[in-house]
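First the structure, in the form of structure tokens, and then the observations on it.
In what follows, chains carry the letters A, B, and so on, assigned in the order in which the sequence lines appear, proteins first and then strands, with residues in each chain numbered from 1. Every heavy atom of this structure was used, including side-chain atoms; hydrogens, water molecules and symmetry mates were not. What you are looking at is a predicted structure, and each value in this text was computed from that prediction instead of being measured.
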Amino acid sequence: MRIELDVNGTKHELTVEPRTTLLDCLRDCLDLKGAHAGCEHGVCGACTVLFDGAAVRSCLMFAVQAEGSIITTIEGVTPAPGELSPVQDAFCETHGMQCGYCTPAMILAAHALLADNPQPTREQIVEAISGNICRCTGYTQIVEAIALAAERMRGANRPQA
Amino acid sequence: MNGGAHHRYVSTDRRVREDRRFVAGKGQFVADVKLPGMRHVAVVTCPHAAARIRRIDKAAALNMPGVHYVLDGAELAAATQPLMNGLETPHVPRRPLAHETARYSGEWVAAVVADSRALAEDAAEAVEIEYEPLPFVLDAEAALGKDSPLVHEAHGSNVLLDKTFVWGEVEKDFAASARRLSLRVKWGRSSTVPIETFGVVAAWDPWRDILDVYASIQMPRYAEQIAAALKIPGSSVRVHYEVDVGGSYGVKRGIKHTVLCGYLARRLAFPVRLIEDRLENMRGGDAHGPERLFDVEVAFEDDGIVRSMKMRALENLGAYAGRSPFQLGKPIGAIVGPYKIKSVQYRALAVVTNKTTQEAVRGFGQAPTNLALERCMDEIAAVLKLDPLDVRRRNLIRHDEFPYLIPSGTTYDSGNYETVIAKVLADARYEELKAERDRLRRTGKLAGIGIAACLEPSGGNATFEALLNPAITTSTFMESCRINVDGTGTVTATMHTTSSGQGHETLVGTVIGEVLELDPDTVRVTRPDSLNSLPSGTPVGSRMAISLGGAAFHAAQKLKAKLTAIAAHDLGIAPDRAVYERGEVYDGQAPARRRTWVDLVGIAYRNYHRMPPGFEPGLAVEYVYQVPAGGALPDKTGRVQMYPCFSFEFHVLLLSIDPDLGQPQIVRYLLGHDCGTQVNPKIVRGMTMGGVAHGIGAALFEEFAYNEDGQLIAQTFMDYLLPSAHEVPAVEIVDHETPSPHTVLGQKGSGESGYLGAPAALANAVNDAVRPLGIFVNTLPIRMAALGDLIAGAVERQKE
Ligand code: FES
Ligand code: FES
């Protein structure tokens, strides 16, 4: 069936099967490879994308259900080729990853958190990423990355003296 | 060049170059590989724990639109060799698809190729297979029994390995010791379970006779194993090492997937891809880890000094062997842990059962052994009413006793265990921690302190293979690096294997930058495919900092020597008068006379008339590094040097347990860690944190449990629980640096750190917490529900 998806600020006309998940649609139809499959049953969070600004699991949703909403993937938060968002840069600064497989999803979860809460506590950060499994890092450097990004973004938004 | 040497880039707080692509979602994982005309594979699996395959009816599946082929085990077995086996067990062949008999629930029986993965899955369901269920065995001790069903009839028993070693005067030491104690400890079946499943894409080019392989792989001798199984020349297999691997920690060894896809790609003349779904990964992916039962007996004195140990380790391998029995071998290289135990008897016993096949898991068997040893230390303390810390301290190898030869023939390189422990205890304020435990107990909680001290053998000289299988005579364990300075003067270095998050490109860049005194960020690091590669042992055995670091170091030294020689010749001075500094070379007696980097590149590339006679043009060097301190096979007494370097870790944690629910909560977690020189501290820290998290999983949550029918019941992440950010505490790491005398920068390994001791420390904490109730727990994982029941039972008994 034909659907129209709004992904990263661009409208795409697509033909998909009704059973195609949003994850498969993003990866296979739109070639957005930053969303990853880890379990395809809604536990690991590797497939996380932003759905009207909220972090959701794209493996649990059919592409057709995404019509009329605004989808943002990791490709959409990257400001420009070769340029990093403050959250992405903070992940590099603390080395909040190893294999990088869970990373785009973690960064999107962080974006969703910081959009709502510019000054999260450690507990709030932990809560925000608790639906995203990382097998490599033990989470410490991810939590540090998000705290660092929050701090830097607050600094950037402060009016200049 | 070690021992507190001053480093320019090594050990400094630098970013990890790989991270940039990952944060942008621009890693190149195997599922991102898309070849023209590529088709998709799904597998048909056996629903029984053991069954004879009577008939396979492919017609319905083949009639479905978009379906190209259905492959069965008979066709594949006729066309390929069995997969490589570590032991001499010819009647236990392992093949990608079961042939005649399937031996565990989930084993692959047929494979379907279709235009899409969804179609392949649909068609897999339409393949009709008639089975005759057979008797099966799941438990390792039952598999030892005389009347047990045989997993491999032709082998004649379920035992694949049974070897006993005696190092030192065990019986004499036992007889002379004041006390003895025995303990049964069980390590449950878990694994590393990366978030990316295994995947492979294979394409055959009949005009060039090349099989291109893109895979999520971390495996020694991968290309040659593919070639052997498919009966094609080694030079016909091209593995693309630039594929990023989404986590492995040992298990990403999809040789059976690859042979299956390689065969299909050749047979069908189009590229095929198999990306496991989670269910395939958990059941038939052959990626389970050790499941080990220990019977340990220790002989010790009234003051807690341990004289001798007898250990029997019984491994439940699952249905096929591969290399997994060797996971009983590696721990021999650190069989006494950080302690001065004079003599050891070790029996390594491995059986096949009707469970999923095992693969290598982080530590290659060391973490279970550490658990057994560290549980003994705590039980000795309990018997003697000593602080478990004191028992350990009395047995520790002291700093001034290195290098230290252990009974099984390995010499530990260096260590300063007492200092690491002292630093951790100072940070922990150990007495206060004990007071806090007692305070928690007074509030009605169960609370315990857990300690574990253990070693991480690193460097990966796998001589345990020869020890367990004398037909193996491998003593070569190598890694390589090539450096080319091109005609424009930029530096490109190569590495020759895949990575799964260890930051190897950063490692190579940092080491070369250090030697050449150049900004590491200017050193490009690439991964040629296997046909353009130098030898690699691949990232196993916690070896890359040592071996790839060693190769990069020596290659850079060679380049530096060449640059220096070219400059000396051009300056007309003796080479030993020439001084290299930051890419330039000057006359040591007249520093103004110098040749810059640009000069030297120009001479090497364009002015042959200025090159020293006999020199090769250009600036290309390569170095193949043999892992240090090995190179020998076991002697007649079963002694051999295994691994060159030994990192140390010391865990202390405080755990509280809700007595009603059995829910454990980590109140505080400290970890002392000494892996010598840290090439990149961010990487070392991350690996250690990740290792602790993985260890928490193995200790408290993760288990591939089976029901009585032989069905795996933990098939999804709903039943196989990986620790989330909620379950992993903020671990306080206390670093110490005791350089290794064997390595180029004093570095040791850290790829397994944290994981090797965390399960032991947690088990000790739980036991400290429940000891007042008169109970103990020696079976991992210690899951909440079971612990709750155990506690309730004990409370009930105490009331009576
Ligand atoms: S892939 Fe969607 S939650 Fe795991
Ligand atoms: S970085 Fe590997 S799973 Fe998170």
Could you look at [X] and say if it's the side chain, the backbone, both or neither that has a heavy atom under 4.5 Å from chain A?
X: B:Arg685; value: both
X: B:Thr688; value: neither
X: B:Asp32; value: both
X: B:Ile683; value: both
X: B:Thr716; value: both
X: B:Val245; value: backbone

| said: I need the residue from B:Ile275, B:Leu279, B:Val728 with the largest number of non-hydrogen atom pairs under 4.5 Å to chain A. | reply: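 Between B:Ile275, B:Leu279, B:Val728, the count favours B:Val728.
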| field | Most chain A-contacting option - heavy-atom pairs closer than 4.5 Å, from B:Ala31, B:Gly27, B:Pro194 | value |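 Max contact count across the listed options: B:Ala31.
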| Do the side chains of A:Thr140 and B:Val731 get nearer than 4.5 Å, heavy atoms only? |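 Of all side-chain heavy-atom pairs linking A:Thr140 with B:Val731, none is under 4.5 Å.
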[X] and [Y] ion-paired at < 4.0 Å:
X: A:Arg19; Y: B:Asp122; answer: yes
X: B:Arg117; Y: A:Asp24; answer: no
X: B:Lys34; Y: A:Asp28; answer: no
X: A:Arg135; Y: B:Glu702; answer: yes

Measure across [X] and [Y] and return the closest heavy-atom pair with its distance rounded to 0.1 Å.
X: B:Gly25; Y: A:Glu75; result: O-OE2, 4.5 Å
X: B:Val23; Y: A:Leu84; result: CG2-CD2, 3.7 Å
X: A:His36; Y: B:Phe29; result: CE1-CE1, 3.6 Å
X: B:Ala693; Y: A:Gly138; result: CB-CA, 3.5 Å
X: A:Tyr101; Y: B:Gly246; result: CB-CA, 3.9 Å
X: B:Tyr249; Y: A:Cys136; result: OH-SG, 2.8 Å

| Set of salt bridge (Lys or Arg N to Asp or Glu O under 4.0 Å) partners for A:Asp89, sequence neighbours left out |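 Scan of A:Asp89 (salt bridge (Lys or Arg N to Asp or Glu O under 4.0 Å), adjacent residues dropped) gives A:Arg152, B:Arg15.
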| By salt bridge (Lys or Arg N to Asp or Glu O under 4.0 Å), which residues pair with B:Asp719, not counting sequence neighbours? |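 So B:Asp719 forms no salt bridge (Lys or Arg N to Asp or Glu O under 4.0 Å) with any residue.
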| Looking only at atom types and distance, does a side-chain atom of A:Lys33 sit under 3.5 Å from a main-chain N or O of B:Val33, one as donor and one as acceptor? |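 Flag not set: sc A:Lys33 to bb B:Val33 has no pair under 3.5 Å.
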| Does the A:His41 side chain pair with the main chain of B:Phe717, one donor and one acceptor, at a distance under 3.5 Å? |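 Yes; judged by distance alone, with no hydrogens or angles, the pair exists.
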| task | For the pair B:Arg20 and A:Glu83, evaluate salt bridge (Lys or Arg N to Asp or Glu O under 4.0 Å) and give the outcome as yes or no after the intermediate values. | result | CA-CA 9 Å; B:Arg20 272 180 68 79; A:Glu83 239 178 74; over 6 Å; no
Between [X] and chain B, with a heavy-atom cut-off of 4.5 Å, which part of the residue counts as in contact: side chain, backbone, both or neither?
X: A:Glu40; result: side chain
X: A:Gln88; result: both
X: A:Glu127; result: both
X: A:Cys39; result: both
X: A:Ala37; result: backbone
X: A:Ile107; result: side chain

| request: Evaluate the side chain to side chain contact (heavy atoms under 4.5 Å, CB included) criterion for residues A:His95 and B:Arg14: first the C-alpha distance (whole Å), next the side-chain angles of each, then the deciding distance (0.1 Å), finally the verdict. | output: CA-CA 10 Å; A:His95 188 42; B:Arg14 297 177 56 81; over 6 Å; no
| request: Could you tell me which of A:Cys99, A:Gly38, A:Gly34, A:Ser130 has the largest number of non-hydrogen atom pairs under 4.5 Å with chain B? | output: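 The option with the most such pairs is A:Cys99.
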| query | If you count heavy-atom pairs under 4.5 Å between each of A:Ile142, A:Val126, A:Ile129, A:Val87 and chain B, which one has the most? | reply |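 Of A:Ile142, A:Val126, A:Ile129, A:Val87, A:Val126 has the most heavy-atom pairs under 4.5 Å with chain B.
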| task | Quickly, which of B:Gln502, B:Met689, B:Met687 forms a side chain to side chain contact (heavy atoms under 4.5 Å, CB included) with A:Gln98? Name it, please. | result |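 It is B:Met687; the other options fail the test.
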